[in-house]
Number of protein chains: 2
Amino acid sequence: MTMLLRKLESIATLSDGEREAVQSLPVRNRTFGAGQDIVRDGDQPSHCCVVIDGWLFRYKILGEGRRQIFSFHIPGDTPDLQSLHLPVMDHSLGTLTQASVAFIPHESVRDLTLRFPRIGAVLWRDTLIDAAIFREWMAGMGRKSAYGRIGHLFCEMYAKLEAVGLAGDYRCPLPITQGELGDALGLSNVHINRVLQEMRGKGLITLRNNTLVVHAWAELCRSAEFDPTYLHLQKAG
Amino acid sequence: MTMLLRKLESIATLSDGEREAVQSLPVRNRTFGAGQDIVRDGDQPSHCCVVIDGWLFRYKILGEGRRQIFSFHIPGDTPDLQSLHLPVMDHSLGTLTQASVAFIPHESVRDLTLRFPRIGAVLWRDTLIDAAIFREWMAGMGRKSAYGRIGHLFCEMYAKLEAVGLAGDYRCPLPITQGELGDALGLSNVHINRVLQEMRGKGLITLRNNTLVVHAWAELCRSAEFDPTYLHLQKAG
DNA sequence: CGGACAATTGATCTACCTCAAAATTGGTGG
DNA sequence: CCACCAATTTTGAGGTAGATCAATTGTCCG
């Protein structure tokens with residue numbers, strides 16, 4: 001459970017007892033290939049999960065092949081905490097890349113939050129940040145241009161990766177296809193492609209081999225109206 | 001605190017002790033005119049709030065007069081629980097109509113959740129449903145037509161109002177202007193107007209005097225792809 | 001009765017979509 | 001190491017849902 005611990009400690013400072021309790025959680029690890037579902041819309045999961053390695057994403061299928069992607073998840077994330085309190089899934093969780101995922105029984109997590117309310121608060125807080133990110137995406141889809149939305153997603157993913165030590169130097173992994181970007185941002189893959197070329201043309205970014213390099217961070221943030229406040233990256237009081 | 005109690009009991013059955021603890025919360029009531037801010041982007045609130053009467057909404061201002069509305073709130077809602085764990089606001093909360101709002105100090109709510117973890121779980125659950133609604137709006141803004149989005153919002157508001165006894169008979173209050181609908185759904189007020197006329201023309205709905213009447217519920221749900229699962233209206237186990 | 005706000009209408013424009021094909025890329029087995 | 005397959009990216013050519021701008025009309029109150 002090192003990954004979960006690292007995530008929790010990035011959010012709040014834990015006592016020895018808390019740390020030990022987290023480490024003694026009964027965890028079962030599983031690996032998945034790319035493009036597999038971990039939990040499906042309508043399921044009633046009995047476990048929460050923590051991303052150990054690889055990327056996951058949450059999505060929902062609408063009719064006629066339409067798909068909306070809600071979030072991308074990186075190592076340390078707990079993309080499925082909601083099933084702790086909402087028994088039936090209203091969306092799906094799948095892998096973007098090959099991934100290693102740790103599963104913890106709901107019962108153990110509930111017990112943990114009862115014995116250590118501060119850990120409960122940290123997990124609750126995590127789901128609130130999740131919601132804050134949803135709001136930010138909503139603002140993008142409702143009121144920003146394709147250019148602004150794409151730039152914003154790049155800023156967000158870089159900031160999140162950097163915060164857990166998986167990126168730096170304005171360079172980060174980004175194993176997301178243009179089609180997936182479109183389904184996340186409410187755009188077509190064709191239009192994503194054209195806007196990416198425009199951003200490349202301006203020398204703002206490079207995106208190749210699943211790697212994003214931002215050549216002009218300040219300019220990217222400005223044009224995407226990116227303000228990281230909503231990520232609430234600072235530690236909790 | 002009758003309103004909060006009613007809301008909590010609509011979600012889970014409370015014990016006598018829990019009920020009493022909720023009722024003895026130190027509450028301060030305030031009334032607001034229409035169009036006033038209750039909490040602003042950047043604030044660090046010290047209280048949570050519960051809607052007693054009237055409608056609220058959450059929103060964020062982007063540049064150049066653009067605004068994104070994230071949610072509408074009706075009596076019984078707790079639109080500001082996130083400030084309990086995220087000290088600085090990343091959006092604003094304002095009134096849509098004249099409204100009466102109850103404020104409870106964060107400290108008291110935290111204390112309540114410590115003494116009665118089940119209440120904490122219910123509140124946490126409430127914020128998770130909030131996030132589920134955000135996801136549903138995202139899916140609408142990303143992948144649905146204006147027609148589908150508007151219809152979906154009508155279904156959602158009716159379902160939420162009906163669940164707390166504020167609507168029935170396919171008729172409900174809806175004190176939302178066409179401009180506000182547009183800012184919620186990522187559309188212009190002009191287009192909202194035209195789509196509403198189309199829905200009226202088909203005999204689907206009536207919307208006048210801040211009152212919505214749905215004449216063909218099943219057809220509206222179908223055309224909006226509305227499935228209430230995401231509202232998680234059933235009581236918690 | 002007047003003033004402000006909300007709804008409606010008309011005309012024009014454009015950001016982004018759809019469809020379809022071609023070019024690239026990356027992974028795989030031989 | 002190469003050839004090949006499938007998935008992705010890229011390009012081109014229309015098409016359209018919804019935006020913008022600017023009146024006009026309607027409605028609600030004080």
Side-chain angles (χ1 to χ4, degrees), chain A residues 33-36 55 57 62-69 94-98 140-151 173-201 205-212 223, chain B residues 33-36 55 57 62-69 94-98 140-151 153 173-201 205-212 223-224:
Chain A
Q36 291 192 274
W55 287 49
F57 72 115
L62 315 194
E64 292 101 51
R66 285 164 304 145
R67 177 175 69 165
Q68 178 66 46
I69 291 178
T95 58
L96 216 49
T97 67
Q98 193 168 35
M141 293 204 286
R143 291 296 181 226
K144 283 182 191 169
S145 68
Y147 194 96
R149 275 182 252 182
I150 297 175
L174 201 81
I176 306 177
T177 68
Q178 295 180 11
E180 287 154 355
L181 281 176
D183 282 345
L185 300 173
L187 299 165
S188 70
N189 56 343
V190 174
H191 198 58
I192 294 278
N193 183 274
R194 292 187 166 128
V195 173
L196 283 180
Q197 291 181 49
E198 188 186 345
M199 297 178 92
R200 289 188 186 113
I205 60 152
T206 302
L207 178 53
R208 249 186 24 228
N209 291 112
N210 293 337
T211 299
L212 171 72
S223 68
Chain B
Q36 291 192 273
W55 287 50
F57 72 114
L62 315 195
E64 293 100 48
R66 284 164 304 145
R67 176 176 67 166
Q68 179 66 47
I69 292 179
T95 58
L96 216 49
T97 68
Q98 194 166 35
M141 293 205 288
R143 290 297 180 225
K144 284 183 192 170
S145 68
Y147 194 97
R149 278 183 249 183
I150 297 176
L153 182 62
L174 201 81
I176 307 177
T177 69
Q178 295 180 9
E180 288 153 354
L181 281 176
D183 282 344
L185 301 173
L187 298 164
S188 70
N189 57 346
V190 174
H191 198 58
I192 293 278
N193 184 276
R194 291 185 168 131
V195 174
L196 284 179
Q197 291 181 48
E198 188 186 345
M199 298 178 94
R200 289 188 185 111
I205 61 151
T206 302
L207 178 53
R208 248 181 30 224
N209 291 113
N210 293 337
T211 299
L212 171 71
S223 68

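In what follows, chains are A, B, ... by sequence order, proteins preceding strands, each numbered from 1.
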Touch class at under 4.0 angstrom, heavy-atom based, for N209(B) against every strand present: sugar-phosphate

Rounded distance in Å - CD1 (I150(B)) to P (dA17(D)): 14 Å

Rounded distance in Å - CE (M141(A)) to P (dC17(C)): 13 Å

Sugar-phosphate only, base, or nothing, as touched by L196(B) at under 4.0 Å among non-hydrogen atoms: nothing

Spacing between I192(A) atom CD1 and dA15(C) atom C1', to the nearest angstrom: 13 Å

Touch class at under 4.0 angstrom, heavy-atom based, for S188(B) against every strand present: base

Charged N-O contact under 4.0 Å between R143(A) and D183(B): yes

Sugar-phosphate, base or nothing in reach of V190(A), heavy atoms under 4.0 Å: base

Phosphate OP1/OP2 of dT10(D): any N193(A) side-chain N/O under 4.0 Å: yes

Touch class at under 4.0 angstrom, heavy-atom based, for G182(B) against every strand present: nothing

Interatomic distance, R208(B) CZ vs dC28(D) P [rounded to whole Å]: 10 Å

Under 4.0 angstrom between Q178(B) side-chain N/O and dC5(C) OP1 or OP2: no

T206(A) vs R200(A), side chain to side chain contact (heavy atoms under 4.5 Å, CB included): CA-CA, chis, key distance, verdict: CA-CA 6 Å; T206(A) 302; R200(A) 289 188 186 113; 5.9 Å; no

Contact summary for F57(B) and T95(B), nearest pair of heavy atoms: CE2-O, 3.6 Å

Per R194(B) side chain, nearest of listed nucleotides dT11(D), dT8(D), dT9(C): dT9(C)

Nearest-nucleotide 5' precedence on DNA chain D, H191(B) against E180(A): E180(A)

Residue pair N193(B) / Q178(B), side-chain donor-acceptor N/O under 3.5 Å: yes

Length of the line joining L181(A):CG and dC16(C):C1', which is rounded to integer Å: 16 Å

Rounded distance in Å - CG (D183(B)) to P (dA19(D)): 11 Å

Sugar-phosphate, base or nothing in reach of G35(A), heavy atoms under 4.0 Å: nothing

Euclidean distance, atom CG of residue L185(B) to atom C1' of dA17(D) [Å, nearest integer]: 15 Å

Short side-chain N/O contact from Q197(A) to OP1 or OP2 of dT9(D), under 4.0 Å: no

Distance test, side-chain N/O of R200(A) to OP1/OP2 of dT10(D), below 4.0 Å: yes

Between P of dA19(D) and NZ of K144(A), the distance in whole Å: 18 Å

Sugar-phosphate, base or nothing in reach of N189(B), heavy atoms under 4.0 Å: nothing

Q98(B), CD atom: more than 12 neighbouring heavy atoms under 6.0 Å: no

Check: G186(A) main-chain N/O paired with Q68(A) side-chain donor or acceptor under 3.5 Å: no

First of N210(A) and V195(B) reached from the 5' end of DNA chain D, by closest nucleotide: N210(A)

